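Step one of this worksheet: look at the structure below.
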Amino acid sequence: MNRTFAILALRLAATACVLQPASARAEEAETQFWTSMAGGFLLDPQTPVSVALTTRFREASSGKDQTLLRASTQRVLTRNVSTGLLLSYNRTSGSYEARPWQQFAVRWHGVVLRTQMEERLIEGADRAELRIRPRIQYGTRVARLYVVSSAEWTYRIQSHQRGDDSDPAYWRVSTSVSKPLWNGFEGAAGYMVMYRPRHGEPDRISHIPQITISRRF
């Protein structure tokens with residue numbers, strides 16, 4: 001059964017290729033590379049806390065490289081339901097922004113349905129930007145590996161710039177495989193495709209390989 005679900009999870013990630021419609025040949029493509037170091041611990045059995053430091057190496061067409069520091073906590077309400085609070089600090093070549101998030105998640109047999117409400121507090125912006133980020137995720141174990149695939153839609157409810165008429169939505173499809181390493185450390189390798197429609201410009205497709213090293217305390 002796990003093998004069947006693993007194949008389905010990988011096929012979900014493979015739909016990243018399908019995200020590119022026939023017109024995608026004329027669209028703009030770029031590549032990024034994300035690396036992360038993360039740690040986590042339990043305040044109590046129902047309240048996990050995690051901290052992560054991520055660097056996003058980007059092509060010049062996407063702007064300068066980014067550094068993100070994130071902290072999050074969740075509260076397990078029942079076996080299948082949890083809520084959470086997250087805060088990230090993003091820095092890009094001298095400019096910065098803070099992003100508080102609130103999230104609600106429901107789990108059932110490896111499937112996680114999660115919705116986040118995100119506020120972007122950007123340096124010099126007219127106002128806070130508001131976004132909603134629903135995601136469906138499936139994870140399963142295959143031997144000592146843990147395979148996770150997900151699809152996420154991000155919709156901007158309010159732009160940080162007044163009069164902004166750019167397209168308010170974009171999509172992400174990703175898969176990752178993680179494995180225990182040594183002394184509580186875990187390594188993960190992943191791949192993400194991000195599709196971003198752009199009003200008045202070629203749509204953009206981003207190919208993003210990812211590497212993460214994490215440890216639970």
Side-chain angles (χ1 to χ4, degrees), residues 12-13 15-21 24 27-34 36 50 52 54-56 58-59 61-63 65-72 74 82-92 95-106 111-123 125-139 148-176 190-210 212:
L12 173 61
T15 58
C17 297
V18 182
L19 277 178
Q20 303 185 40
E27 292 170 350
E28 179 180 301
E30 56 105 22
T31 301
Q32 303 183 26
F33 180 55
W34 295 3
S36 298
S50 63
T54 300
T55 301
R56 297 177 175 178
R58 308 194 296 177
E59 292 185 4
S61 59
S62 297
D65 297 343
Q66 289 183 325
T67 301
L68 297 82
L69 178 62
R70 296 182 177 181
S72 65
Q74 296 183 54
S82 66
T83 60
L85 297 174
L86 303 90
L87 178 64
S88 72
Y89 174 81
N90 303 6
R91 193 163 187 86
T92 307
S95 63
Y96 67 88
E97 68 173 280
R99 297 185 186 182
W101 301 343
Q102 304 80 43
Q103 81 172 30
F104 178 81
V106 178
V111 177
V112 181
L113 302 177
R114 184 225 68 192
T115 297
Q116 289 182 341
M117 178 62 73
E118 177 186 61
E119 299 84 44
R120 297 182 65 194
L121 309 176
I122 303 173
E123 180 184 17
D126 299 334
R127 57 189 179 183
E129 182 166 298
L130 305 178
R131 305 197 300 186
I132 188 168
R133 302 176 59 170
R135 183 183 74 184
I136 181 170
Q137 174 181 296
Y138 178 75
V148 177
S149 292
S150 66
E152 178 178 293
W153 176 63
T154 299
Y155 183 81
R156 187 185 66 233
I157 300 170
Q158 173 180 280
S159 174
H160 65 281
Q161 294 180 323
R162 300 183 189 278
D164 183 359
D165 63 351
S166 61
D167 197 289
Y170 66 90
W171 293 263
R172 296 180 174 185
V173 176
S174 66
T175 193
S176 67
Y191 177 75
M192 176 191 295
V193 170
M194 186 161 53
Y195 177 73
R196 185 186 295 273
R198 297 193 297 176
H199 181 69
E201 298 181 68
D203 296 345
R204 171 172 290 171
I205 297 176
S206 301
H207 302 275
I208 309 171
Q210 300 169 295
T212 301

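Side chains included, hydrogens not; waters and symmetry mates left out as well; all remaining heavy atoms used. Values in this document were obtained by computation on a predicted structure and should not be read as measured data.
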Starting at [atom1] of [X], measure out to [atom2] of [Y] and round the result to the nearest 0.5 Å.
X	Y	atom1	atom2	value
Thr83	Gln102	OG1	CD	10.5 Å
Ser50	Arg70	OG	CZ	10.0 Å
Glu97	Glu123	CD	CD	10.5 Å
Phe104	Ser82	CZ	OG	8.0 Å
Ser72	Trp101	OG	CH2	8.5 Å

Any idea which heavy atoms bring [X] and [Y] closest together, and the distance?
X	Y	answer
Ala169	Tyr155	CB-CD1, 3.9 Å
Ser159	Asp164	OG-OD2, 2.8 Å
Asp203	Pro197	OD1-CA, 3.3 Å
Gln158	Ala128	NE2-O, 2.7 Å
Gln161	Asp126	CA-OD2, 3.5 Å
Arg131	Met117	O-SD, 3.3 Å

Q) Can Trp34 and Gln32 be counted as having a side-chain donor-acceptor contact under 3.5 angstrom? A) yes
Q) For residues Asn90 and Thr92, is any side-chain donor paired with an opposing acceptor at under 3.5 Å? A) no
If you define the side chain from C-beta out and look only at heavy atoms, does anything of [X] sit under 4.5 Å from [Y]?
X	Y	result
His199	Asp165	yes
Asp65	Arg58	yes
Glu28	Ile205	no
Asp167	Arg196	no
Ser166	Arg156	yes
Gln103	Leu86	yes
Phe33	Pro209	yes

Q) According to the interplanar angle, ranging from 0 to 90°, do the rings of Trp171 and Tyr195 count as parallel (below 30°), tilted (30 to 60°) or perpendicular (above 60°)? A) tilted
Q. So, Arg120 and Glu118, do they make that salt bridge, N to O below 4.0 Å?
A. no
Q) Taking atom OH of Tyr89 as the centre, does the number of heavy atoms from other residues, nucleotides or ligands within less than 6.0 Å exceed 12? A) yes
Q) Is the side chain of Glu59 donor-acceptor paired with the backbone N or O of Thr31 at a distance under 3.5 Å, no angle test? A) yes
Q.
Is it the case that the side chain of Ser150 and the backbone of Ile136 share a donor-acceptor pair, with hydrogens and angles ignored and the cut-off at 3.5 Å?
A. no
Q) Only one of Gln137, Gln116, Arg135, Arg114 clears side chain to side chain donor-acceptor pair (under 3.5 Å) with Glu152; which? A) Arg114
